[in-house]
Amino acid sequence: MLQLFAKSLKIENDRLLLSHVSEEDCSDLGDLFGEPLPKEKALFMIRALDANREAGKKAALAVRDRSSGTAAGVIEIWNKKDSIEIGYRIRPQFRHQNYAKDAVYLLVKYLMEATDIRKITADVRRGNEWSVRVLSHNGFELQGGSDEILHYAYFRRETDASRIFRPENGWKILWCAGGCFWGTEKVFRILDGVKETCVGYVNGNTEHPCYEDVSRGDTGYKEAVQIIYDPALITLETLMKAFFLCIDPTVQNRQGNDIGSQYQTGVYYLEEEDGEVLRRIFEEEKTKQGRFMTELEPVRNFQPAEEYHQRYLDKHPFGYCHITKIEMDAVRELNKKKVNA
Ligand code: MHO
């Protein structure tokens, strides 16, 4: 696990400053640049970086391996007009240990908590699969590019419940957590009357979760699919039939091979009238099981997941899916039954 030299990083007038240098930073920076680094020289370097950043150029931030204390790499930061751009260099011996992933994770988290920056951009040379993985695992999305360069961007995530999408035209909305959301989304897209789906993180306790956060299992977020449906074409009862055909409600914080609180099953609703119908359905389901662990709650917040998770199994037909073909076929059968039947 890495640690940011957060003490060297200050916010002044909404700008990032690397103004303070401790003895400890000096040896880490020296180690990183491969030479002993006296405090004066470190300060000079940092001032130069600050001046560069002030001039709209770049600043840098070192990251250190917490257990060995060794400097692992440097993150460079460029201030831009409406965003911040980052780059990073990680020492070769740390490249195979997810350090860059951790470094970018910490930096994004730090910037989102300590500043009101809304967008972070990063460019990657085409073919640099390693960096593409680091960025996409941290919620960066591909924005375009040229023959040589790919442009990635991270957008500030909003989780305020008041921002929850409210469909119009009489369509309705519901969130279902059925374990890994790749398979759950596929299930609901089978059903006639489901107009739109979006995978994401539901009812958690942090401000701007990304996949990395949620995978750590301590945010309270569940992987879920947001379902927008036409109630004239499909009822809540049918949606719940599909849901219970595919989940195992007897286990907690787990579905199939996936274990962790992000895999907890649950149904989350917006309107109290839906809550009433759902409670009735849940009571009936409970009588079918010896143990019943599936949650039913009003929705508090929902954060759409990164683009690469959306319709994942369409993008990767042989990708991981915890729901079997037999279950998918049983869901497909529901389309043949009449609405309200
Ligand atoms: N077992 C899968 C789960 C992915 S899911 C989006 C994996 O570890 O990749 O949680």
Side-chain angles (χ1 to χ4, degrees), residues 1 96-102 104-105 108-109 129-142 152 154-155 157 159 174-190 194 196-206 208-227 242-268 293-295 299 301-328 331:
M1 184 61 184
H96 309 292
Q97 301 177 34
N98 287 342
Y99 278 89
K101 239 155 93 179
D102 273 353
V104 173
Y105 169 78
V108 168
K109 207 172 169 69
E129 283 309 317
W130 186 74
S131 287
V132 163
R133 255 202 320 276
V134 165
L135 291 173
S136 54
H137 271 270
N138 278 293
F140 281 74
E141 295 166 25
L142 186 60
Y152 279 81
Y154 177 94
F155 296 91
R157 274 116 172 88
T159 55
L174 187 74
W175 295 263
C176 290
C180 171
F181 52 23
W182 296 340
T184 320
E185 181 175 40
K186 187 167 172 186
V187 165
F188 285 103
R189 293 183 69 80
I190 290 175
V194 168
E196 233 177 79
T197 57
C198 171
V199 295
Y201 315 113
V202 74
N203 278 20
N205 309 316
T206 58
H208 27 72
C210 62
Y211 185 64
E212 288 282 293
D213 280 340
V214 174
S215 303
R216 279 164 212 247
D218 58 357
T219 60
Y221 281 100
K222 272 72 62 179
E223 291 193 14
V225 52
Q226 171 176 278
I227 302 157
F243 180 68
F244 283 109
L245 271 173
C246 300
I247 65 155
D248 176 356
T250 67
V251 291
Q252 189 173 28
N253 296 337
R254 170 172 195 163
Q255 282 300 286
N257 289 329
D258 300 315
I259 300 178
S261 58
Q262 67 273 35
Y263 301 114
Q264 171 60 38
T265 54
V267 175
Y268 310 87
M293 306 310 292
T294 304
E295 296 180 341
V299 66
N301 47 26
F302 177 74
Q303 166 64 55
E306 297 77 0
E307 177 51 40
Y308 74 100
H309 287 299
Q310 306 295 338
R311 285 172 282 304
Y312 186 89
L313 291 171
D314 289 351
K315 294 171 188 161
H316 308 274
F318 299 104
Y320 170 82
C321 184
H322 71 290
I323 298 168
T324 63
K325 186 176 177 301
I326 296 173
E327 290 160 337
M328 297 273 182
V331 171

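First listed ligand is number 1; within each ligand, the first listed atom is number 1. Here the structure is a predicted model, which means the values were calculated and not measured.
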- Aromatic ring proximity, centroids under 6.0 angstrom, Tyr320 and Tyr312: no
- Any chance the side chains of Ser215 and Glu212 put a donor and an acceptor closer than 3.5 Å?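 Note: Ser215 and Glu212 side chains miss the donor-acceptor criterion.
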- Check the side chains of Glu295 and Tyr268 for a donor-acceptor pair under 3.5 angstrom, ignoring hydrogens and angles. yes
- Task: List, ordered by chain and residue number, the protein residues whose closest non-hydrogen atom lies under 4.0 Å from any atom of ligand 1.
- Result: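 For ligand 1, the contacting residues are Cys180, Phe181, Trp182, Tyr211, Glu223, Asp258, Tyr263, Tyr320.
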- Short side-chain to backbone donor-acceptor contact, Asn301 and Asn203, under 3.5 Å: yes
- Message: Using a strict threshold of under 4.0 Å (side-chain N to carboxylate O), is an ion pair present between Glu307 and Lys315?
- Response: yes
- Salt-bridge contact Glu129-Arg133 (side-chain N to carboxylate O under 4.0 Å): no
